[in-house]
A.B. asks: 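Let me begin by handing over the structure; questions about it come next.
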Amino acid sequence: MHAVKRLLSICESRRRWEIKITLVLILFLQSCVDSGSKKGKLEEKQVVVEITEENDPMENYETGTYGYDLELLKKYTDPVELKNGDSRLVLSLKYQGRIMTSSSDGNNGRSYGWINHELIESGKVLEQFNPVGGEERFWLGPEGGQYSLFFKPGSSFDFENWSVPACIDTEPFIMYLATDSSAVFTQTMKVKNFSNFEFQFDVTRKVELLGADQISKKLKVSLTDNVKWVGYETTNIIRNTGRQPWRKETGLISIWLLGMFKPSPSVTMIIPFKQDVQAEYSFKDDYFGKIPENRLKVVDDILYFKGDGKQRGKVGIPPETALPLIGSYDSGNKILTIVKADISEEGAGYVNSAWEYQENPYQGDAINAYNDGPLENGSQLGPFYELESSSPGLELECDSSATYIQSTYHFEGPEAELNVLCQQIFNVSLDEIKTVF
């Protein structure tokens with residue numbers, strides 16, 4: 001780990017230099033990457049590090065391109081870039097190992113993640129939440145309720161009392177290992193819930209940039225030369241390092257992954273769900289007030305939700321009715337986005353994030369979608385829209401671990417070929433999606 005700290009020091013003093021890091025002998029235990037097993041940990045091995053330094057030309061790219069966002073992040077943060085041909089993604093140590101953005105067409109390709117340029121450039125640290133953006137960030141649930149991590153004990157569940165814990169907002173992660181197509185980050189965390197129970201744990205986060213064969217296999221689709229693509233998978237591990245086991249009676253936490261994407265009047269979120277099952281509810285749509293019908297529609301077994309960033313609303317799908325594939329389609333830019341979640345109906349249940357004292361704190365959501373919009377005071381966090389998934393509540397013994405895996409994909413190209421992909425994944429046509437509202 002001393003070698004990693006020296007690398008971070010070099011990055012800090014040479015922000016405008018490209019640090020190429022080649023590391024060998026990376027090893028996860030088999031259970032770390034086995035989605036069927038919820039336990040795993042990182043096994044530390046000897047690491048060989050080679051560092052080459054190149055002067056950063058700081059080329060100018062058009063606003064909205066991946067290269068433009070990469071330049072910004074090089075200037076203000078210590079990014080880690082992964083590459084696989086034209087597929088690129090950039091991660092941030094400063095922002096908890098989050099995936100800031102990605103591209104399917106190199107530096108000149110479209111930047112898919114929403115990034116808050118103004119906030120990053122300002123250098124400000126906000127008190128409640130620092131919405132710097134990123135198309136997959138590591139968070140923890142629950143957000144609301146008697147076991148909330150976002151409200152202090154005794155406070156009311158109102159926005160002015162809501163605050164994101166520093167460990168998932170302002171405190172950086174440590175880079176453990178990196179190659180051209182994968183990176184591993186770690187951090188030690190401590191957080192107290194609304195009921196005054198303190199969680200102590202280690203986090204390990206692995207990000208892998210996927211190749212065409214991996215994407216085809218994971219989504220069971222066929223890719224053509226005319227469609228540009230980028231896909232990545234994250235493996236997220238929490239290990240209880242405290243002296244007390246985690247029990248329902250004192251509150252559980254969950255791994256919560258949220259992707260922030262660029263809104264547009266042409267964006268429609270696509271959320272399939274199961275209807276013919278026994279559940280308390282098929283979906284929840286009143287987190288911040290009931291979502292009007294002209295913004296949220298159910299057609300057969302798919303929930304369609306506007307992603308225009310103009311009105312605040314959130315929907316949730318419980319594990320009983322949730323399906324592993326959700327997404328969005330931006331008809332204006334011809335971008336199909338897919339998120340694949342790891343849904344489980346076993347274990348302790350899903351934590352409830354509703355902003356209220358809860359009768360059923362473990363009847364929460366496995367899938368969420370959020371559309372940003374103005375707050376009551378007229379201010380706005382974004383605009384952006386989010387596709388989210390969560391692990392079940394983690395009922396962990398001391399020194400035991402849990403793993404949660406999610407993957408994200410973007411496809412861009414001719415609409416006819418994107419339509420084939422959409423039908424293979426969601427069994428619905430792009431014409432149906434474009435005309436639903």
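The first residue in the sequence is number 1, and the count goes up from there.
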A.B. asks: Would you say S353's side chain and G364's backbone share a donor-acceptor pair under 3.5 angstrom?
C.D. replies: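 Not confirmed, S353 side chain does not pair with G364 backbone.
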
A.B. asks: Applying side chain to side chain contact (heavy atoms under 4.5 Å, CB included), run through L72 and E121 and close with a yes or a no.
C.D. replies: CA-CA 8 Å; L72 174 84; E121 290 172 333; 3.4 Å; yes

A.B. asks: Can you name the one residue among P392, S391, S254 that meets side chain to side chain contact (heavy atoms under 4.5 Å, CB included) with V351?
C.D. replies: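 Answer after filtering P392, S391, S254: S254.
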
A.B. asks: Could you give the distance from OG (S182) to CG (L210), rounded to the nearest 0.5 Å?
C.D. replies: 10.5 Å

A.B. asks: For the residue pair Y147 and Y362, categorise the inter-ring angle as parallel (less than 30°), tilted (30 to 60°) or perpendicular (more than 60°).
C.D. replies: parallel

A.B. asks: Please enumerate all residues that pass side-chain contact (heavy atoms from CB on, under 4.5 Å) together with Q363, with sequence neighbours excluded.
C.D. replies: E280, N360

A.B. asks: Taking the inter-plane angle between the rings of W355 and W162 on a 0 to 90° scale, is it parallel (under 30°), tilted (30 to 60°) or perpendicular (over 60°)?
C.D. replies: parallel

A.B. asks: Quick one: does F283's side chain get under 4.5 Å of L303's, heavy atoms only?
C.D. replies: yes

A.B. asks: Check whether the side chains of N236 and T234 place a donor and an acceptor atom closer than 3.5 Å, and report yes or no.
C.D. replies: yes

A.B. asks: Please say whether more than 12 non-hydrogen atoms of neighbouring residues, nucleotides or ligands are located less than 6.0 Å from CZ in F129.
C.D. replies: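 Yes, enclosed.
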
A.B. asks: Any ion pair linking K94 and E171 (charged N to carboxylate O, less than 4.0 Å)?
C.D. replies: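 Between K94 and E171 there is no salt bridge, as every charged N stays at least 4.0 Å from the carboxylate O atoms.
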
A.B. asks: Please report the shortest heavy-atom distance between E395 and L252, naming the atom on each side.
C.D. replies: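 Closest heavy-atom pair between E395 and L252: CA-CD2, 3.9 Å.
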
A.B. asks: Against F197, only a single residue in Q244, E249, R247 fulfils side chain to side chain contact (heavy atoms under 4.5 Å, CB included); can you say which?
C.D. replies: Q244

A.B. asks: So, taking the atom named CG in D365 and the one named OG in S390, what distance separates them when rounded to the nearest 0.5 Å?
C.D. replies: 8.0 Å

A.B. asks: Given the rule in the side chain to side chain contact (heavy atoms under 4.5 Å, CB included) test, do L323 and I343 qualify, once you have shown the distances and angles that lead to the verdict?
C.D. replies: CA-CA 7 Å; L323 291 169; I343 308 296; over 6 Å; no

A.B. asks: Any luck finding a side-chain donor-acceptor pair between E136 and Q406 under 3.5 Å?
C.D. replies: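 There is such a pair (donor and acceptor under 3.5 Å, judged by atom type) between the side chains of E136 and Q406.
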
A.B. asks: CG/L89 to CD/E208 distance, rounded to the nearest 0.5 angstrom?
C.D. replies: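 L89 atom CG to E208 atom CD measures 10.5 Å (nearest 0.5 Å).
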
A.B. asks: With a 4.5 Å limit on heavy-atom distance, are the side chains of S328 and Y385 in contact?
C.D. replies: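 Touching, per the 4.5 Å side-chain cut-off.
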
A.B. asks: As an exercise, state the distance from OH of Y76 to CD1 of I120, rounded to the nearest 0.5 Å.
C.D. replies: 9.5 Å

A.B. asks: Any sub-3.5 Å donor-acceptor pair from N116's side-chain atoms to P131's backbone N or O?
C.D. replies: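 Present.
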
A.B. asks: For the residue pair Y350 and D342, what are the closest heavy atoms and their distance?
C.D. replies: OH-O, 4.1 Å

A.B. asks: Do any N or O atoms from the side chain of R205 and from the backbone of G97 form a donor-acceptor pair under 3.5 angstrom?
C.D. replies: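 A pair under 3.5 Å: yes.
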
A.B. asks: Does any non-hydrogen side-chain atom of F426 lie less than 4.5 Å from one of I338?
C.D. replies: yes

A.B. asks: Answer whether the closest heavy-atom distance between the side chains of E198 and K190 falls below 4.5 Å.
C.D. replies: yes

A.B. asks: Working to the nearest 0.5 Å, report the span between CD1 of I317 and NZ of K284.
C.D. replies: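 That separation rounds to 12.0 Å.
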
A.B. asks: Can you see whether Q380 engages D372 through a side-chain donor-acceptor pair at a distance of less than 3.5 angstrom?
C.D. replies: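 Looking only at side-chain atoms, D372 and Q380 do form a donor-acceptor pair, the distance falling under 3.5 Å.
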
A.B. asks: Considering residues, nucleotides and ligands other than E127, do more than 12 of their heavy atoms fall under 6.0 Å from its CD?
C.D. replies: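 Count not over threshold, so no.
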
A.B. asks: Could you tell me which non-hydrogen atom of L421 sits nearest to which non-hydrogen atom of V221, and how far apart they are?
C.D. replies: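 Closest pair (atom of L421, atom of V221, distance): CD2-CB, 3.8 Å.
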
A.B. asks: Is the backbone N or O of Y409 less than 3.5 Å from a side-chain atom of W229, with the two atoms forming a donor-acceptor pair by type?
C.D. replies: no

A.B. asks: Pairing donors with acceptors under 3.5 angstrom, does anything connect the side chains of T101 and S111?
C.D. replies: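 A donor-acceptor contact under 3.5 Å links the two side chains.
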
A.B. asks: For a quick check under 3.5 Å, do S389 and Y404 share a side-chain donor-acceptor pair by atom type?
C.D. replies: yes

A.B. asks: For the ring-ring contact (aromatic ring centres under 6.0 Å, His included) test, which of F288, F150, F151 pairs with F157?
C.D. replies: F151

A.B. asks: If you count every heavy atom of other residues, nucleotides or ligands that lies below 6.0 Å from D158 atom CG, does the total exceed 12?
C.D. replies: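 It does: D158 CG has more than 12 such atoms within range.
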
A.B. asks: Could you give the distance from OH (Y176) to NZ (K206), rounded to the nearest 0.5 Å?
C.D. replies: 12.5 Å

A.B. asks: Walk me through whether I238 and L140 qualify under side chain to side chain contact (heavy atoms under 4.5 Å, CB included).
C.D. replies: CA-CA 10 Å; I238 283 182; L140 302 167; 3.7 Å; yes

A.B. asks: So does I335 get a backbone contact from the side chain of D330, meaning a donor-acceptor N/O pair under 3.5 Å?
C.D. replies: no

A.B. asks: Shortest non-hydrogen contact from R312 to Y370?
C.D. replies: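 It is NE-OH, 3.1 Å.
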
A.B. asks: Are any of the side-chain nitrogens in E81 or K74 under 4.0 Å away from the carboxylate oxygens of its partner?
C.D. replies: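 Result for this pair is no, no salt bridge flagged.
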
A.B. asks: Could you tell me whether the side chain of L70 reaches within less than 4.5 Å of the side chain of Y61, counting heavy atoms only?
C.D. replies: no

A.B. asks: Looking at side-chain heavy atoms only, is the closest gap between P361 and Q146 below 4.5 Å?
C.D. replies: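 Yes - at least one pair of side-chain heavy atoms lies under 4.5 Å apart.
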
A.B. asks: Would you please say whether a donor-acceptor pair under 3.5 Å links the side chains of N84 and S181?
C.D. replies: no

A.B. asks: Between M260 and R137, does a side chain to side chain contact (heavy atoms under 4.5 Å, CB included) hold up when you go through it step by step?
C.D. replies: CA-CA 8 Å; M260 304 172 89; R137 72 181 185 273; 3.2 Å; yes

A.B. asks: Do Y112 and S104 meet the criterion of a side-chain donor-acceptor pair at a distance under 3.5 Å?
C.D. replies: yes

A.B. asks: Counting only heavy atoms not in N427, do more than 12 sit closer than 6.0 Å to its CG atom?
C.D. replies: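 At most 12 heavy atoms, drawn from other residues, nucleotides or ligands, come within 6.0 Å of this atom.
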
A.B. asks: Between W256 and E388, do the side chains contain a donor N or O and an acceptor N or O under 3.5 Å apart?
C.D. replies: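 Yes, side-chain donor-acceptor contact under 3.5 Å.
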
A.B. asks: Answer yes when K274 and D301 have at least one side-chain N-carboxylate O distance shorter than 4.0 Å, and no when they do not.
C.D. replies: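 Salt bridge between K274 and D301, a charged N being under 4.0 Å from a carboxylate O: no.
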
A.B. asks: To check you understand the geometry: which heavy-atom pair defines the closest contact between C422 and I433, and what is its length?
C.D. replies: SG-CD1, 3.6 Å

A.B. asks: Any side-chain heavy atom of D69 sitting closer than 4.5 Å to one from M100?
C.D. replies: no

A.B. asks: Test side-chain hydrogen bond (donor to acceptor under 3.5 Å, both in side chains) on S102 and E135 and set out the steps.
C.D. replies: CA-CA 8 Å; S102 63; E135 62 171 271; 2.9 Å; yes

A.B. asks: Okay, side chain of S92, backbone of R98: is any donor-acceptor separation there less than 3.5 Å?
C.D. replies: no

A.B. asks: Does the pair K83/D180 count as a salt bridge with the N-to-O cut at 4.0 Å?
C.D. replies: no

A.B. asks: Taking T77 for the side chain and L73 for the main chain, is one N or O donor matched with an acceptor at less than 3.5 Å?
C.D. replies: yes

A.B. asks: Between P153 and N193, what is the shortest heavy-atom contact and its length?
C.D. replies: CG-O, 4.1 Å

A.B. asks: Begin with the C-alpha distance, continue with both residues' side-chain angles, and end with the deciding distance and a verdict on side-chain hydrogen bond (donor to acceptor under 3.5 Å, both in side chains) for E143 and Y287.
C.D. replies: CA-CA 12 Å; E143 186 176 8; Y287 277 96; over 6 Å; no

A.B. asks: For the residue pair Q214 and E233, confirm or rule out a side-chain donor-acceptor distance under 3.5 Å.
C.D. replies: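 Distance-only check fails for Q214 and E233.
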
A.B. asks: Are any of the side-chain heavy atoms of N130 and Y95 separated by less than 4.5 Å?
C.D. replies: no

